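In this text, all values refer to a predicted model and were calculated from it rather than measured experimentally. Whatever order the structure lists them in is the order used to number ligands and atoms, beginning at 1.
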Amino acid sequence: MSYFNAHTHTHSAHAIINAPLGFTQFDENCLYSIGIHPWDYMKYCENTEMLQHWLYSCVQLPQVVAIGECGIDHTIAVDVELQEDLLTQHVKLAQQNSKALIIHSVRAYNDVLRVFKRTDCRQPIVFHKFMGTMHVYESFKDFDCYYSFGNELLTRSQSVGVLQNLPLNAILFENDDSEIAIDDIYTFAAQQLHISVEELATTVQQTAKKVFDTKFV
Ligand SMILES: [Zn+2]
């Protein structure tokens, strides 16, 4: 049984690996996302031409199945308008290349929603490390959204409550940059959902195939 990992920084199979900035050593047997994290905004300003070239050339690779992580973060010292512009570029890149988006949103769901409305985003959208409420879920209902839970699920009761209320086919899991094994997140989530871990893993795998439009997950 394989446990699909929707966002990780570790080289692994059955996962979407978040490629580091400027990464070019794409393994034929792995899947990747490429993008400029809002935390890397200054690096992006210093190397705009190189990073634009990197994004626009690597997006063509079949292993690159998603754009991100990208998004908006209200806890960093970068003007929100500038972050919105960069996110808009990522949405357009996803639209032009028919790829999914992996979104980083910290206290910024309204800003992210505005970008999706303005760009009329029809691509699948994965909220990575989702810590929003059911109200956030409702506000994104017009879009093709998926909600990925990470290690915080194990310690955060609000996240468990949201997990239990979301449609099963809108849920993904990830271990991001944490030490925790993806299997442990699935085991815990299956217990909270009162289903077998096999059923959960099979459902998530079907979701991932649809979201990332690939049979290789
Ligand atoms: Zn990450």
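The pair Lys129-Glu174 does not count as a salt bridge, with every side-chain nitrogen at least 4.0 angstrom from each carboxylate oxygen.
For Phe23 and Phe26, the distance between ring centers is under 6.0 angstrom. Here Phe127 and Tyr109 bring their ring centres to under 6.0 angstrom of each other. Residues Tyr3 and Phe173 place their aromatic rings such that the two centres sit no closer than 6.0 Å.
Closest approach of Ser139 and Leu113 over heavy atoms only: O-CD1, 3.6 Å.
Taking the salt bridge (charged side-chain N to carboxylate O under 4.0 Å, His left out) definition, one finds that Asp40 meets it with Lys43, sequence neighbours left out.
Each protein N/O/S atom under 2.8 Å from the Zn ion (ligand 1) was counted, for a total of 4.
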